[in-house]
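Data first, discussion second: the structure below is written as structure tokens.
Residue numbers count from 1 along this sequence.
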Amino acid sequence: MSFRSIFEAGELKSELEKSGVKPSFIPYIWKQVIQNPDAQLDQIPSLPSAAYPLLTSKFKTLTSCVHSAMDSSDQLTTKLLIKLQNGALVEAVIMRYDTRLGKYNGKPRPGGMRSTLCVSSQVGCKMGCTFCATGSMGFRSNLTSGEIVEQLVHASRISPIRNVVFMGMGEPLNNYGALVEAIHVMTGPPFHLSPKKITVSTVGIIHAIKKLHIDLPGLNLAVSLHAPVQEIRCQIMPAARAFPLVKLMDTLQEYQKNTQQKIFIEYIMLDGVNDEEQNAHQLGKLLETFQVVVNLIPFNPIGDLSKFSTSNEEKVSSFQKILRGTYGIRTTVRKEMGQDISGACGQLVVNKRSIENTVLLTDIEDLQVR
């Protein structure tokens, strides 16, 4: 029998109401499960008697488990291989960063250590981006909202999580309903994550972006642009054919008008493909009417799958200077984390090798201004 995750908010609310139990008990149930890893649903104290048979017959505290965890050599990144109830595997990555090492307006930033969790929204991905390992898997299935939230539960038992980025396996906006429900859970009790600390990354699913500000106000939107013209974008991102650049930019303009928030633009640097000075000027002109932060991402090779090369530091620096100096666009270079455990951007893929190479342990996304 297949059980539902206790973190499946809509299902749990519906079933409780059918049994005459007030949904107001839901945050309390979640808190008990989070605080007590070995908790059984029939052992949660102070619930109405009608709740217990319902919970034990239809729900599980966790429908997934940490199959393995691997730490990077600098101990700043942990990649979790998570096994779902149906046997499928997804990856989530914990990234730790000391905010005091960064600078803003020439001054050290306040704060201290914080952890960001990069979560997956699908098993595989149907977008087929040619520079991304996940795209090589093809699309397998959507995650439920509970399976998305469970990644946060697993990670929180390893490190306190302050930020969540939907930049793992899958295209989040292609699993829109589960994404919205999962984020509502994460921003409510007992998790209490601020929407400002959650970032959803998309290749540009236009119809979903149009309603995102209504369903999830206040969160950060990141767009995987990766090219300043439609022709190059289609070469490296086949799905771009369905979402023409002109229409995407019009949609983003409307989104920004409605939200009054900056948009994060992700741009992977591919040597000889999209990293020339001409490309920088094209990108600057494309974005000069927007309030954006451009995040330049060093390309992470993906073994035999790689047909691209990483742009050298000189090219990246020149690209950044053009965007900043000529167009006044705030531009950062991503601090890459977890390359040695294939946990960096574009490296998340589940195959036989990734399972064999993980080490079973007993027990993103940061924008860095340079």
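- For Gln278, the CD atom sits in a loose shell: 12 or fewer heavy atoms of surrounding residues, nucleotides or ligands are nearer than 6.0 Å.
- Tested against Cys118, the residues Met169, Met95, Gln151 include a single side chain to side chain contact (heavy atoms under 4.5 Å, CB included) partner, Met95.
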Between Gln320 and Thr331, does a side-chain hydrogen bond (donor to acceptor under 3.5 Å, both in side chains) hold up when you go through it step by step? CA-CA 6 Å; Gln320 183 184 37; Thr331 308; 5.9 Å; no
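- Relative orientation of the Tyr267 and Phe319 rings is tilted, given thresholds of 30° and 60° on the angle between their planes.
- Asn86 places a side-chain N or O within donor-acceptor distance of the main-chain N or O of Ala88, the cut-off being under 3.5 Å.
- Smallest separation of non-hydrogen atoms from Tyr28 and Ser46: OH-CB, 4.0 Å.
- Nearest heavy atom pair, residue Val149 against residue Met186, reads CA-CE, 4.2 Å.
- Within the 4.5 Å cutoff, no side-chain heavy atoms of Tyr52 are placed close to those of Leu41.
- A heavy-atom distance below 4.5 Å is found between the side chains of Asn174 and Met127.
- Side-chain atoms of Leu252 and Ile209, non-hydrogen and from C-beta on, do get closer than 4.5 Å to each other.
- Listed by chain and number, the residues in a side chain to side chain donor-acceptor pair (under 3.5 Å) with His281 are Tyr327 (sequence neighbours excluded).
- Taken from CG in Leu212 to OG1 in Thr202, the straight-line distance is 9.0 Å, to the nearest 0.5 Å.
- A salt bridge does not link Lys210 with Glu254: every distance from a Lys NZ or Arg NE/NH1/NH2 to an Asp or Glu carboxylate oxygen is 4.0 Å or more.
- A donor-acceptor pair under 3.5 Å links the side-chain atoms of Asn274 to the main chain of Ile268, judged by distance alone.
- More than 12 heavy atoms of other residues, nucleotides or ligands lie within 6.0 Å of CD in Glu17, so this atom counts as buried by the packing criterion.
- Listed for the Ser72 side chain is a donor-acceptor partner under 3.5 Å among the backbone atoms of Thr77.
- In this structure, Ser14 contributes its side chain and Gly10 its backbone to no donor-acceptor pair below 3.5 Å.
- The one candidate from Val123, Thr63, Thr144 that meets the side chain to side chain contact (heavy atoms under 4.5 Å, CB included) condition with Leu84 is Val123.
- Under the 4.5 Å side-chain heavy-atom criterion for ILVMFWY residues, no single connected hydrophobic cluster contains both Phe139 and Ile205.
- By the neighbour-count criterion of 12 heavy atoms within 6.0 Å, atom CD of Gln75 is densely surrounded, having more than that number from other residues, nucleotides or ligands.
- A 4.5 Å side-chain heavy-atom check between Leu143 and Val90 finds at least one atom pair inside the cut-off.
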Step by step, work out the side-chain contact (heavy atoms from CB on, under 4.5 Å) result for Val229 and Asn279. CA-CA 8 Å; Val229 294; Asn279 302 134; 5.9 Å; no
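- More than 12 non-hydrogen atoms from other residues, nucleotides or ligands lie less than 6.0 angstrom from NZ of Lys315.
- With no hydrogens or angles considered, a side-chain donor-acceptor pair links Gln122 and Asn142 at under 3.5 Å.
- Looking at Arg162 and Thr116, their side chains never come closer than 4.5 Å, going by heavy atoms from C-beta outward.
- Summarising the local packing, CD of Glu277 is surrounded by 12 or fewer heavy atoms from other residues, nucleotides or ligands at distances under 6.0 Å.
- The shortest heavy-atom contact between His184 and Asp215 is NE2-O, 3.1 Å.
- Side-chain N/O atoms of Ser64 and His154 include a donor and acceptor closer than 3.5 Å.
- Judged purely by atom type and a 3.5 angstrom limit, Gln260 uses its side chain to pair as donor or acceptor with the backbone of Lys257.
- The CG atom of Leu81 sits 5.5 Å away from the CD atom of Glu91 when rounded to the nearest 0.5 Å.
- Looking at Leu47 and Ile29, their side chains come closer than 4.5 Å, going by heavy atoms from C-beta outward.
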Given Thr332 and Asn295, is the side-chain hydrogen bond (donor to acceptor under 3.5 Å, both in side chains) satisfied, shown in steps? CA-CA 5 Å; Thr332 69; Asn295 192 205; 2.8 Å; yes
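- Nearest heavy-atom pair, Ala280 versus Leu323, reported as atom, atom and distance to 0.1 Å: O-CD2, 3.4 Å.
- Between the CD1 atom of Ile322 and the CD atom of Gln282 there is a distance of 11.0 Å, given to the nearest 0.5 Å.
- The main-chain N or O of Lys262 is never found under 3.5 Å from a side-chain atom of Gln291 such that the two would form a donor-acceptor pair.
- Checking side-chain atoms of Trp30 against main-chain N and O of Phe191 turns up no donor-acceptor pair under 3.5 Å.
- A cation-pi arrangement is present between Lys211 and Tyr176, with the terminal nitrogen or guanidinium carbon under 6.0 Å from the aromatic centre and inside a 45° cone about the axis.
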Pair Ile263-Val293, side-chain contact (heavy atoms from CB on, under 4.5 Å): steps then yes or no: CA-CA 6 Å; Ile263 297 172; Val293 177; over 6 Å; no
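- Side-chain contact between Gln32 and Pro45 is present, with heavy atoms from C-beta onward closer than 4.5 Å.
- Proximity of a side-chain donor or acceptor of Arg233 to a complementary backbone N or O of Leu225 within less than 3.5 Å is detected.
- Atom CD1 of residue Ile34 and atom OG1 of residue Thr61 lie 11.5 Å apart, to the nearest 0.5 angstrom.
- Checking each of Ile236, Asp275, Ile232, Thr130 against Leu270 for a side chain to side chain contact (heavy atoms under 4.5 Å, CB included) leaves exactly one that passes, namely Ile236.
- Residues Asp71 and Thr78 have side chains that bring a donor and an acceptor to within less than 3.5 angstrom of each other.
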List the steps, then state whether side-chain contact (heavy atoms from CB on, under 4.5 Å) holds for Ile297 with Glu266. CA-CA 7 Å; Ile297 307 170; Glu266 297 172 294; 3.8 Å; yes
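- When all heavy atoms of Phe131 and His226 are compared, the pair lying nearest together is CZ-CD2, 3.3 Å.
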Under the criterion side-chain contact (heavy atoms from CB on, under 4.5 Å), I'd like the reasoning laid out for Ser115 against Ile94: C-alpha separation, chi angles, the key distance, then a yes or no. CA-CA 7 Å; Ser115 291; Ile94 302 170; 4.2 Å; yes
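- Remark: side-chain polar atoms of Ser317 are not paired, donor with acceptor, to backbone N or O of Glu313 under 3.5 angstrom.
- The nearest pair of heavy atoms linking Leu54 to Phe59 is O-CD1, 4.1 Å.
- Looking only at side-chain heavy atoms (C-beta outward), Ile329 and Val292 come within less than 4.5 Å of each other.
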Test salt bridge (Lys or Arg N to Asp or Glu O under 4.0 Å) on Lys58 and Glu15; report intermediate values, then the result. CA-CA 9 Å; Lys58 295 189 176 183; Glu15 293 293 344; 3.1 Å; yes
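- Interatomic distance, Ile158 CD1 to Leu117 CG, rounded to the nearest 0.5 Å: 9.5 Å.
- A distance of 11.0 Å separates CD in Glu147 from OG in Ser120, rounded to the nearest 0.5 Å.
- Formation of a donor-acceptor pair under 3.5 Å by the His67 side chain with backbone atoms of Leu89 is not found in this model.
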